[in-house]
*Asks:* 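Provided herewith is a single structure, encoded as structure tokens, for subsequent inquiry.
Chain letters run A, B, ... following the sequence lines, proteins first, then strands; residues in each count from 1.
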There are 2 protein chains.
Amino acid sequence: MKPAVGTVAAERRPAPIPRRAPYDATTLLEVAVTVFNERGYDGTSMEDLARAAGITKSSFYHHVDGKEALLAAACDRALDALFAVRDEPASTAGRAIDRFEYVLRRTTQILLTELPYVTLLLRVRGNTATELAALERRREFDRFTADLVTQAMADGDLRSDIEPGLATRLAFGTLNSVTEWYRVARETSPDAVVDGAVGVIVRGLQP
Amino acid sequence: MKPAVGTVAAERRPAPIPRRAPYDATTLLEVAVTVFNERGYDGTSMEDLARAAGITKSSFYHHVDGKEALLAAACDRALDALFAVRDEPASTAGRAIDRFEYVLRRTTQILLTELPYVTLLLRVRGNTATELAALERRREFDRFTADLVTQAMADGDLRSDIEPGLATRLAFGTLNSVTEWYRVARETSPDAVVDGAVGVIVRGLQP
DNA sequence: GTCTATAAATTGATAGAC
DNA sequence: GTCTATCAATTTATAGAC
């Protein structure tokens, strides 16, 4: 039963308008990254983002600095999480093979918990200064992983009939490929993905 | 020694202008795919393509039907090569494990020989009808590979402590990740990539 | 085949009212 | 905070001269 428009009750106690939480930069970043991943960064217009957020383009601009700033924030979030893994004690001390396995596992976990941000990072092409900066940070992380593999191979703990660079790229390429299919339709649990991926890689690279 | 401008020799036998082969649709597709892979499809304008070909945008349009047609042609080239693998005798007869290994190897070879086209295909997002059609063909190929893995697992020839779908995705995700780094700077030979990738995957998935 | 010129639509971003 | 209106630049694509 809806009270007639204009009654006293309707005027003094208007039906509660379905009210969303007020937007902040973090919320809209989440919206933006989702759309970026669906349509690609360059394939997404600010109009697309505003529509996804349910406001106009101008309102959207009230909250964020622009398209490129959104991309930078998303990439930084992914990269900060990856570098935090690199700086954990278990990544820096001990046998190289143990550190390698630890980094594989933790990287996969980050990839799943920060999935949209890592996905976007992995697709960056280098068209702007922002993108080049993200690529450079990413390459730094890649050098860290390549060093791990090289050391573990020198220790005799990884098969050495494959070039270290190729082994590194296959290992982390396998992990990164998870971003290509692990979406909301999650028929596989995160733990199963981590255990499965790390297990297959480790066995595949055993001496 | 350059003859002075205006001499008889210069007028009758003009210095040979560095003449390129006349453009055809295939040549320009090659140019386009290269730029698409560098800057991303949506990040590339027809102006970019024309500049890369050394002609104007209008001249470029004289040879090709448009941006989307270029994408469709590139995806078709990659998909035709993949489906040709699927239809080879060694992919359709024999034990599933042998067919699986054969398809892994052949797919990697296609990936390297048709690298730019496969790279572009793997990045398609589904923004237009053209892209959706390419994605649908790709999914058909994915179903073929998933069936192979499922059968080989049922035969007891692949480890069964991993879901078949996860195993398939890890295996072909590893292969596909090659497109992310195997560019012109080829420090690793194609054969080493094929042997390395297939070898790591097969060992990683052994029972 | 290649060019200049231009059309028609879209894009990232801002101005200013409420 | 949200809106309408608008701008300047870019983008896909075409017309028509040479």
Side-chain angles (χ1 to χ4, degrees), chain A residues 14 16-75 120 124-132 134, chain B residues 14 16-36 38-75 120 124-125 127-131:
Chain A
I17 296 161
R19 183 174 286 287
R20 60 166 169 73
Y23 282 126
D24 56 45
T26 310
T27 314
L28 289 179
L29 176 62
E30 202 174 331
V31 170
V33 171
T34 302
V35 183
F36 285 159
N37 283 329
E38 279 169 11
R39 307 181 52 81
Y41 174 74
D42 286 311
T44 302
S45 71
M46 292 300 277
E47 180 70 42
D48 291 331
L49 297 184
R51 200 180 303 118
I55 55 182
T56 62
K57 202 165 46 153
S58 287
S59 301
F60 196 89
Y61 268 105
H62 179 78
H63 297 285
V64 305
D65 285 337
K67 196 179 171 183
E68 210 173 330
L70 287 166
L71 181 65
C75 289
L120 193 56
V124 156
R125 307 297 319 151
N127 291 343
T128 63
T130 300
E131 297 187 34
L132 285 170
Chain B
I17 296 164
R19 182 174 287 286
R20 59 165 169 73
Y23 280 128
D24 57 45
T26 309
T27 314
L28 289 179
L29 176 62
E30 202 175 333
V31 171
V33 170
T34 301
V35 183
F36 284 159
E38 279 170 10
R39 309 182 50 81
Y41 174 74
D42 286 310
T44 302
S45 71
M46 292 300 275
E47 180 70 42
D48 292 330
L49 297 184
R51 200 180 303 118
I55 55 182
T56 62
K57 205 166 38 155
S58 288
S59 301
F60 196 89
Y61 268 105
H62 179 78
H63 297 284
V64 305
D65 285 336
K67 196 179 171 184
E68 210 173 332
L70 287 166
L71 180 64
C75 289
L120 194 55
V124 156
R125 307 297 317 148
N127 291 343
T128 63
T130 299
E131 296 187 36

*Asks:* Rounding to an integer number of Å, can you tell me how far A/Phe60 CZ sits from C/dA15 P?
*Replies:* 19 Å
*Asks:* Does the side chain of B/Thr56 get closer than 4.0 angstrom to OP1 or OP2 of C/dT2 through an N or O atom?
*Replies:* no
*Asks:* Are OP1 or OP2 of D/dT2 and a side-chain N or O of A/His63 less than 4.0 angstrom apart?
*Replies:*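 Yes, such a contact exists.
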*Asks:* Given atom OH of A/Tyr23 and atom C1' of D/dC3, what is their separation to the nearest angstrom?
*Replies:*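 Those two atoms, OH and C1', are 15 Å apart.
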*Asks:* Kindly indicate whether the side chain of B/Glu47, heavy atoms from C-beta on, has any atom under 4.5 Å from the side chain of B/Phe60.
*Replies:*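 When only atoms from C-beta onward are counted, B/Phe60 and B/Glu47 do not touch, as no gap falls below 4.5 Å.
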*Asks:* Distance check needed: C/dA8 P versus B/Met46 CE, whole Å only.
*Replies:* 20 Å
*Asks:* Using atom NE2 of B/His62 as one end and atom C1' of D/dT12 as the other, report the distance to the nearest whole Å.
*Replies:*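 Computing the B/His62:NE2 to D/dT12:C1' distance gives 18 Å.
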*Asks:* Excluding sequence neighbours, so at least two apart, what forms side chain to side chain contact (heavy atoms under 4.5 Å, CB included) with A/Asn37?
*Replies:* A/Val33, A/Pro116, A/Thr119, A/Leu120, A/Arg123
*Asks:* Just how far, in rounded Å, is C1' of D/dT4 from CD of A/Glu47?
*Replies:* 13 Å
*Asks:* Would a 4.5 Å heavy-atom cut-off, applied to side chains only, mark A/Phe36 and A/Leu49 as touching?
*Replies:*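 The answer is yes; the side chains approach within 4.5 Å.
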*Asks:* So which one's nearest nucleotide on DNA chain C is more toward 5', A/Glu68 or B/Ser59?
*Replies:*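 So the residue in question is B/Ser59.
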*Asks:* For the base of D/dT4, is there a side-chain donor-acceptor partner from A/Ser58 under 3.5 Å away?
*Replies:*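 For A/Ser58, whose side chain was compared with the base of D/dT4, there is a donor-acceptor pair (under 3.5 Å).
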*Asks:* Expressed in angstrom and rounded to an integer, what is the separation of B/Asp42 atom CG from C/dT10 atom P?
*Replies:*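 Taking atom P of C/dT10 as the reference, CG of B/Asp42 is at 15 Å.
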*Asks:* Looking only at the side chain of B/Ile55 (C-beta and beyond, no hydrogens), which of the listed nucleotides D/dA13, C/dG12, C/dC3 gets closest?
*Replies:* C/dC3
*Asks:* Kindly point out which of C/dA13, D/dT12, D/dG1 is positioned nearest to the side chain of A/Lys67?
*Replies:*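 Of the options given, the side chain of A/Lys67 lies nearest C/dA13.
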*Asks:* Under a 3.5 Å distance rule, please check whether B/Glu131 uses its side chain to pair with a backbone N or O of B/Val124 as donor and acceptor.
*Replies:* no
*Asks:* In whole angstroms, how far is the C1' atom of C/dT4 from the OH atom of B/Tyr61?
*Replies:*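 These atoms are roughly 16 Å apart.
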*Asks:* What I'd like to find out is whether the side chain of B/Met46 reaches to under 4.5 Å of the side chain of B/Lys67, using heavy atoms alone.
*Replies:*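 Answer yes - side chains close enough.
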*Asks:* Report the distance from atom NZ of A/Lys57 to atom C1' of C/dA15, rounded to the nearest whole Å.
*Replies:* 14 Å
